[in-house]
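Data first, discussion second: the structure below is written as structure tokens.
We name chains A, B, ... by the order of the sequence lines, and we start the count at 1 in each one. For clarity, every value in this text was computed on a predicted model and none was experimentally measured.
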Amino acid sequence: MCLAIPAQVEALLDDDMARVNLGGVSKEISLALVDGVGVGDYVIVHVGYALNRIDAQEAERTLALFAEMAAAGEGSA
Amino acid sequence: MKYVDEFRDGTLARGLAESIRRAADTGRDYAFMEFCGGHTHAIFRYGIPALLPDSVRMVHGPGCPVCVLPIGRIDMAIELAARPEVILCSYGDMLRVPGSQRTSLIKAKAAGADVRMVYSCLDALKIAQENPDREVVFFAIGFETTTPPTAAAIRQAGTLGLENFSVFCNHVLTPAAIGNILESPQVRELGSVPLDGFVGPAHVSTVIGSQPYEYFAEEYRKPVVIAGFEPLDVLQAIRMLVDQVNRGEARVENEFSRAVTRDGNPKAKALVAEVFEMRRVFEWRGLGEVPYSALRIKQAYAAFDAERRFDLEPRKGRENPACECPAILRGLKQPQECKLFAKACTPENPLGSCMVSSEGACAAHYTYGRHRAA
């Protein structure tokens with residue numbers, strides 16, 4: 001139920017709406033719940049609304065942490 | 001898809017699983033509850049139980065809004081749908097959920113009721129605009145993720161002056177349910193909660209932030225790690241929980257930092273506070289009556305409240321007395337320990353709340369077949 005998908009904003013439309021790319025599918029969603037989202041940003045889309053913006057730097061940091069942990073798990077640490 | 005594929009990498013998953021195995025090789029057992037149905041689904045879909053060492057057990061929590069909605073509320077929705085002037089709009093998940101006497105919204109639709117599946121409450125607003133001579137009711141369910149969209153839709157209906165739109169509100173609150181799991185009488189009888197920590201909600205936390213869980217970490221000494229819904233997120237969160245338990249800590253940590261902050265989404269929270277207020281008590285399937293665990297529409301927006309507009313009387317459904325959902329939802333029993341599981345109660349014919357949606361603990365156990373291999 002609370003599943004939501006990361007989507008990239010392609011265009012800002014009237015009435016707080018935006019066109020996003022959801023893994024190749026174009027869709028109109030509402031930006032009424034978020035502030036300051038621009039074209040190119042990734043947002044988490046749930047039931048037609050962007051719930052939040054994805055922080056690209058934090059995503060990189062989390063992926064780096066996975067790699068570090070996984071390397072430790074394989075015995076190099 | 002960016003922000004999805006890289007969080008599902010199989011090699012990294014095996015490495016993370018191995019790191020959990022090493023960290024958990026301490027001679028003790030670990031039991032962690034994933035609160036969200038989204039996590040339950042991910043755990044089974046990606047075979048995470050098979051990657052974990054025997055000492056680490058995942059307990060599946062009540063975070064599936066479809067599962068926990070009591071039968072009486074479904075009966076009320078079916079009653080609304082049966083009115084000739086009403087178009088009842090619902091998220092697809094709710095349509096097959098059985099009410100009393102084996103009814104459901106999909107059966108009501110087959111019998112002639114105007115029930116429409118919508119992807120978003122924005123679709124319900126559009127239907128109301130297109131059908132000015134009908135009463136359009138949105139059957140609102142869900143946790144803190146679906147609540148802000150419902151609030152936005154109600155406010156938009158006000159701005160548009162839509163007089164034929166209303167909401168049957170069933171929104172519930174995550175922290176209240178976690179509190180109930182930690183301090184229910186059943187748990188008190190057994191002395192302590194058999195849980196060593198929580199995998200905290202992903203998308204709920206993007207809205208409410210990590211701050212509301214700090215109380216559980218401090219007051220009940222249970223670590224909470226907020227995690228994304230992808231398999232690597234879940235594995236990493238389990239590793240972080242094992243580490244906290246090993247160090248004797250109980251803190252809130254945030255694995256899903258790419259989308260969750262301590263304060264969450266202030267705009268969404270403000271909108272919810274403007275439109276909704278707490279109900280004194282609300283019934284949850286499986287948990288019973290939980291104080292201050294649900295929302296209703298404020299007086300200022302009463303015109304959009306379907307319960308007031310249609311004078312809906314509260315209804316009470318009857319659960320099967322053999323159903324073990326209450327114990328399963330609290331981590332006291334496993335689905336296989338229920339006499340009804342996979343016999344009288346299946347995903348095609350669900351009797352208890354945990355079998356109702358694919359995100360429920362029993363449905364996930366049934367579908368992804370650990371019980372079949374055993």
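Put simply, CG on Asn52(A) and OG1 on Thr145(B) are 12.5 Å apart, with the number rounded to the nearest 0.5 Å. Atom CG of Leu33(A) sits about 10.0 Å away from atom OG1 of Thr206(B), to the nearest 0.5 Å. In this structure, Met69(A) CE and Met240(B) CE are separated by 7.5 Å, a value rounded to the nearest 0.5 Å. The CZ atom of Phe66(A) sits 4.5 Å away from atom CG of Asp233(B), with the distance rounded to the nearest 0.5 Å. For the atom pair CD1 of Ile54(A) and OG of Ser257(B), the computed distance is 11.5 Å after rounding to the nearest 0.5 Å. Note that the OG1 atom of Thr62(A) and the CD atom of Glu255(B) stand 5.5 Å from one another [nearest 0.5 Å].
Closest approach of Phe7(B) to Ala59(A), counting heavy atoms only: CZ-O, 4.2 Å. Residues Leu12(B) and Ala67(A) come closest through the heavy atom pair CD2-CA, 3.7 Å.
The most heavy-atom pairs under 4.5 Å with chain B, out of Leu63(A), Val43(A), Ile44(A), Ile29(A), come from Leu63(A). Interface remark: of the candidates Ala151(B), Ala259(B), Gly37(B), Ala23(B), Ala259(B) forms the most heavy-atom pairs closer than 4.5 Å to chain A. Chain A forms more heavy-atom pairs under 4.5 Å with one residue of Lys2(B), Arg155(B), Glu6(B) than with any other, namely Lys2(B).
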### Query
Do Asn254(B) and Glu58(A) pass the side chain to side chain contact (heavy atoms under 4.5 Å, CB included) test, and can you show the C-alpha distance, the side-chain angles, and the key distance before you say yes or no?
CA-CA 11 Å; Asn254(B) 180 11; Glu58(A) 286 292 338; over 6 Å; no
### Query
Step by step, would you call Tyr49(A) with Leu122(B) a side chain to side chain contact (heavy atoms under 4.5 Å, CB included)?
CA-CA 9 Å; Tyr49(A) 286 79; Leu122(B) 288 173; 3.2 Å; yes
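Contacts of Lys269(B) with chain A are absent, with no heavy-atom separation under 4.5 Å from either backbone or side chain. Neither the backbone nor the side chain of Asp9(B) comes within less than 4.5 Å of any heavy atom in chain A. Of the two parts of Leu271(B), only the side chain, counted from C-beta on, holds a non-hydrogen atom closer than 4.5 Å to a non-hydrogen atom of chain A. Contacts between Arg61(A) and chain B at a heavy-atom distance below 4.5 Å are absent for every atom of the residue. Contacts of Leu51(A) with chain B are made by both backbone and side-chain atoms, with heavy-atom separations under 4.5 Å. Proximity to chain B (any heavy atom under 4.5 Å) is restricted, for Ile5(A), to the side chain, taken from C-beta onward. Contact annotation for Ala56(A): both backbone and side-chain heavy atoms come within less than 4.5 Å of a heavy atom of chain B.
Between the Asn265(B) side chain and the Val34(A) main chain, no donor and acceptor come within less than 3.5 Å of each other. In terms of modelled atom types and a separation under 3.5 Å, the side chain of Tyr119(B) and the main chain of Gly48(A) share a donor-acceptor contact.
Atom CZ of Arg8(B) sits in a crowded spot, with more than 12 heavy atoms from other residues, nucleotides or ligands closer than 6.0 Å. Surrounding CE of Met117(B) are at most 12 heavy atoms belonging to other residues, nucleotides or ligands under 6.0 Å away.
Note on Lys267(B) versus Asp35(A): salt bridge recorded, some NZ/NE/NH1/NH2 to OD/OE distance being below 4.0 Å.
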